[in-house]
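Step one of this worksheet: look at the structure below.
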2 protein chains.
Amino acid sequence: MSPVMQTPERRTHRRDDAGRPRPLADSVLRMIWREREISRAEIARRAELSRSTVSEIVSLLLPTALVAETGTGPSRGGRRPIVLQFQDDACLILGVEVGASHVAVALTDLRGKVLVWRHRTHVVRTDPKGTRALVRELCDACLDKTPGSRRRLVGLGVALPCPIDPRSPERVSEIVLPDWGGRHGLESIAEAYDVPLMVDNDANLGALAERWWGAGRGVDDFAFVKIATGIGSGHVSGGNLYRGATGVAGEIGHMAIDSHGERCVCGLRGCLATFVGSQALVTKARKLLADYPGSMLAANEPTITTIEDAALAGDPLALRLVNEAAEHLGVAIASMLNLMNPAKVIFGGGLTRVGDLLLEPLRETVRRRTLVSSVDASALVMSELGPRAGAVGAATMVLKAALHDSRLFPTSHRRAEAS
Amino acid sequence: MSPVMQTPERRTHRRDDAGRPRPLADSVLRMIWREREISRAEIARRAELSRSTVSEIVSLLLPTALVAETGTGPSRGGRRPIVLQFQDDACLILGVEVGASHVAVALTDLRGKVLVWRHRTHVVRTDPKGTRALVRELCDACLDKTPGSRRRLVGLGVALPCPIDPRSPERVSEIVLPDWGGRHGLESIAEAYDVPLMVDNDANLGALAERWWGAGRGVDDFAFVKIATGIGSGHVSGGNLYRGATGVAGEIGHMAIDSHGERCVCGLRGCLATFVGSQALVTKARKLLADYPGSMLAANEPTITTIEDAALAGDPLALRLVNEAAEHLGVAIASMLNLMNPAKVIFGGGLTRVGDLLLEPLRETVRRRTLVSSVDASALVMSELGPRAGAVGAATMVLKAALHDSRLFPTSHRRAEAS
DNA sequence: GGGCTTTGTTCAGACGGCGAGCAAAGTATC
DNA sequence: GATACTTTGCTCGCCGTCTGAACAAAGCCC
């Protein structure tokens with residue numbers, strides 16, 4: 001039962017695993033997914049099940065087309081095993097990222113591979129209606145490029161640029177998105193495709209994407225810090241997303257790192273966001289331009305993109321801005337490490353374009369500022385998924401839900417609508 | 001499977017619920033515990049089980065003496081139900097708190113009620129051997145006061161004043177307790193009683209105690225902030241303890257709230273602990289004494305206790321110290337709220353003696369400093385368990401483990417040693 | 001080729017939980 | 001007070017799930 005699922009489940013059942021056909025079938029399916037290729041005997045050994053049970057479960061899995069027999073594997077001193085292979089292309093998932101000023105849609109397979117990608121800038125904050133139409137348009141475009149995709153669609157995942165309370169996932173914050181009327185209103189799109197809709201915050205889904213496909217693979221406790229217009233973080237704890245009481249956990253941008261600093265919109269003084277957000281950097285660049293008359297930034301009105309470009313080109317002013325941002329970010333990260341004790345911190349979002357220019361001074365700051373040294377410098381890394389993290393994470397949320405309740409897969413027993 | 005259990009489980013089993021007699025028996029037992037008194041039919045309704053299944057499970061539970069039939073309840077329009085009552089006094093638990101400078105032991109029943117309490121100050125940090133002997137002595141004293149207690153003992157829980165990594169619970173931090181040689185060495189005591197040993201950090205166990213018996217009842221996401229020699233926090237998320245990657249989560253005392261502040265032992269500048277810890281308050285009191293010649297604190301060398309007393313008596317200097325501590329604490333709490341989004345914050349430890357003197361300015365600071373207002377002022381409250389939170393929490397850890405695996409209860413099928 | 005191992009299947013059986021049915025013991029209605 | 005109805009707790013047969021034993025097929029090793 002995903003806390004962020006909006007559409008009701010297709011069948012009712014009483015307890016978490018009861019009423020479901022073959023309680024262990026899903027865990028066997030997940031193992032095949034995880035291992036990609038595995039034999040029945042190997043499943044039995046790893047899951048500590050009897051070979052007869054595994055055999056019976058596999059015979060139920062084969063007709064779903066999610067798993068296929070693909071030849072034989074190497075002998076272990078006896079009969080050669082039949083290789084069972086998870087069919088990554090058996091189904092498709094739509095992952096949508098709605099940012100502050102853009103919409104991106106990824107059509108993925110069951111291994112997180114992006115098959116079709118659509119991206120368009122849009123005034124999301126002020127135009128909810130147009131944004132909804134755009135999401136629909138880009139989703140349709142993705143599906144139309146892939147024959148038969150509607151029939152094989154598992155679900156629609158959406159990353160939104162505001163906190164989502166798992167208890168009422170249809171609501172969006174009226175503070176962050178004042179023109180949206182408190183609702184994202186994307187239900188009709190999922191209904192048009194007859195699939196479940198799931199939504200969550202973009203930082204959470206970025207974290208999820210890194211956990212499954214990126215720098216967070218195999219790491220059960222880490223933080224994903226997204227530096228874009230604002231700064232948000234998603235936290236994975238014990239392998240699962242940490243959401244807090246009302247789903248607004250991860251507002252690392254509003255940690256106070258200097259109680260004498262400037263007042264922030266959130267009410268605190270000296271928030272991290274007042275030092276490191278795009279707007280803060282641009283403002284600071286303007287202020288310092290007088291001291292750096294030869295800077296590349298003097299040519300035009302500075303933007304976050306030109307600052308990044310200048311830093312990569314070695315411009316002293318831009319480098320100073322990045323260095324100071326790293327210093328402030330380091331203080332907040334150090335506090336976060338002491339409080340939440342992740343094993344790793346993954347940085348995503350726009351500013352990560354500058355790569356080690358940001359990361360090196362950041363590592364140095366954190367190294368100087370944590371005695372308990374809950375993480376060493378090597379645990380501060382850049383996102384591996386880059387700008388696609390949000391949309392891929394949205395698709396991953398659907399994949400995760402389906403792998404934990406395989407009845408969500410549209411295999412055989414479901415719809416026969418037109419593709 | 002508790003992550004902090006040190007002694008191996010009594011029987012081996014393969015999966016979490018497999019190999020265990022009656023998978024649903026423990027959840028029925030927990031329901032009876034939770035409801036105190038309940039009929040078979042009511043259990044069947046709430047757990048969505050058939051009456052026949054419940055009947056059979058109860059017939060297994062009755063011989064354990066954890067549950068007893070105690071008459072009949074009111075009719076609901078038909079035959080009157082037989083009341084099943086959880087027997088809180090069927091077993092006993094030892095909960096130990098080892099503080100920086102004291103040892104306390106509570107012998108509790110299965111409802112967290114403290115039956116015997118022993119407390120003694122001791123130089124814990126510098127005398128590991130004497131501390132271990134003292135723990136043993138106080139435990140023996142508790143057991144000796146209660147006839148037959150050794151036979152009915154479920155386990156030994158210990159709260160330690162340093163982070164505990166669930167993956168190696170026998171280890172203690174060499175930084176926090178340098179004289180202890182990296183190990184707490186309490187295994188032999190549990191072995192002497194032939195019960196499992198479980199250990200965890202004192203802030204975590206304070207949080208657990210408040211969750212089960214205090215201000216955190218029914219709250220699935222909250223933070224417990226312990227203000228004593230240092231400042232630590234325990235976090236409950238989704239009803240369970242949040243431990244982080246290596247069990248050191250909750251070092252709220254080392255959040256940086258002023259990057260220009262004094263350097264802290266931890267490497268950061270302007271840590272909360274440099275403003276609000278006992279030592280910080282005493283130092284500050286000395287510094288300010290010149291400005292407050294009439295202060296009650298001028299009589300003797302100020303200590304944290306005399307400062308608390310003076311504040312309660314209305315002394316201006318002491319009140320100023322408390323107010324400023326509340327202000328700094330408020331900044332850290334606000335940041336923590338933004339990052340972790342608890343529904344409530346519970347304050348424990350020594351400084352809480354001053355009560356609303358601390359809480360009121362704290363609430364005001366937090367109110368001013370959180371726009372997203374993830375908690376309102378009423379969600380900042382004092383501990384309900386006070387100085388016993390640690391020891392009671394240690395016992396609760398054992399109780400929780402036993403209620404999730406009733407084979408830990410020493411009922412019938414176990415030892416017949418001398419009591 | 002013979003002995004051994006491994007794989008995957010079949011089949012009888014154990015076990016947990018379920019629903020039907022029933023007696024006991026209550027309430028509601030006349 | 002008699003009758004009808006409800007609720008409780010138990011017994012019993014049934015079903016689905018998983019298991020172990022047995023077996024054939026297919027490999028390895030000597």
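In what follows, every chain begins at residue 1, and chains take the letters A, B, ... in the order their sequences are listed. Note: hydrogens, waters and symmetry copies are ignored here, and every other heavy atom, side chains too, is used.
In this structure, CZ in B:Arg45 is found 8.5 Å from CD1 in B:Ile38, a value given to the nearest 0.5 Å.
For the pair B:Ile82 CD1 and C:dA24 P, the interatomic distance rounds to 14 Å; values are reported in whole Å. In this structure, CZ of A:Arg79 is placed 9 Å from P of C:dT7, rounded to the nearest angstrom. Rounded to a whole Å, the CG atom of A:Asp26 is 13 Å from the P atom of D:dT17. The CG-P distance, from A:Leu49 to C:dT7, rounds to 15 Å in whole Å. When rounded to the nearest whole Å, the span between CZ of B:Arg80 and P of D:dT8 equals 13 Å. Between the CG atom of A:Leu84 and the C1' atom of C:dT7 there is a distance of 12 Å, rounded to whole Å. Taking atom CD of B:Glu56 as the reference point, atom P of C:dG19 lies 14 Å away to the nearest angstrom. Protein atom CD of B:Glu48 is 22 Å distant from nucleotide atom P of C:dG16, rounded to whole Å.
Residue B:Thr53 has no polar side-chain atom (N or O) positioned under 4.0 Å from OP1 or OP2 of C:dG17. Proximity of A:Arg76 to the phosphate of C:dT7: a side-chain N or O atom is located under 4.0 Å from OP1 or OP2. Between B:Arg40 and the phosphate of D:dT7, there is no side-chain N or O to OP1/OP2 separation shorter than 4.0 Å.
Residue-level contact check: B:Arg51 touches the bases, meaning some heavy atom is under 4.0 Å from a base atom. Heavy atoms of B:Ser75 sit under 4.0 angstrom from primed sugar atoms or phosphate atoms, though from no base atom.
Using a distance-only test at 3.5 Å, with no hydrogens or angles considered, a donor-acceptor pair links the side chain of A:Glu210 to the main chain of A:Glu384. No donor-acceptor distance shorter than 3.5 angstrom exists from the side chain of A:Thr146 to the backbone of A:Ser149, with no hydrogens or angles considered.
Taking every side-chain heavy atom of B:Arg45 into account, D:dT8 is the closest of D:dT8, C:dG17, C:dG8. Of the candidates C:dG8, D:dG20, C:dG16, C:dG16 carries the atom nearest the B:Pro23 side chain, counting heavy atoms from C-beta on. Among the nucleotides C:dG16, D:dT19, D:dG9, the one closest to the side chain of B:Pro81 is D:dG9. When the nucleotides C:dG16, D:dT17, C:dG19 are ranked by their closest atom to the side chain of A:Arg22, D:dT17 comes out on top. The A:Ile57 side chain lies nearest to D:dC18 when the options are C:dT7, D:dT19, D:dC18.
Between the axis at the start and the axis at the end of the helix from C:dG1-D:dC30 to C:dC30-D:dG1 there is an angle of 10°, using five pairs per end and rounding to 10 degrees.
Looking only at side-chain heavy atoms (C-beta outward), B:Leu92 and B:Val154 stay at 4.5 Å or farther from each other. You'll find the side chain of B:Val58 reaches within 4.5 Å of the side chain of B:Leu84, heavy atoms only.
Both cation-pi conditions hold for A:Arg111 and A:Trp33: the charged atom is under 6.0 angstrom from the six-membered ring centre and inside a 45 degree cone around its axis.
Between the side chain of B:Ser52 and the base of C:dG19 there is at least one donor-acceptor pair of N/O atoms closer than 3.5 Å.
Side-chain contact of B:Thr246 with B:Asp165: a donor-acceptor pair under 3.5 Å is absent, judged by distance alone.
Along DNA chain C, the nucleotide nearest A:Gly78 and the nucleotide nearest A:Glu42 are compared for position; the residue whose nucleotide lies closer to the 5' end is A:Gly78.
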Stepwise side chain to side chain donor-acceptor pair (under 3.5 Å) check, A:Ser55 with A:Ser52: CA-CA 5 Å; A:Ser55 238; A:Ser52 42; over 6 Å; no
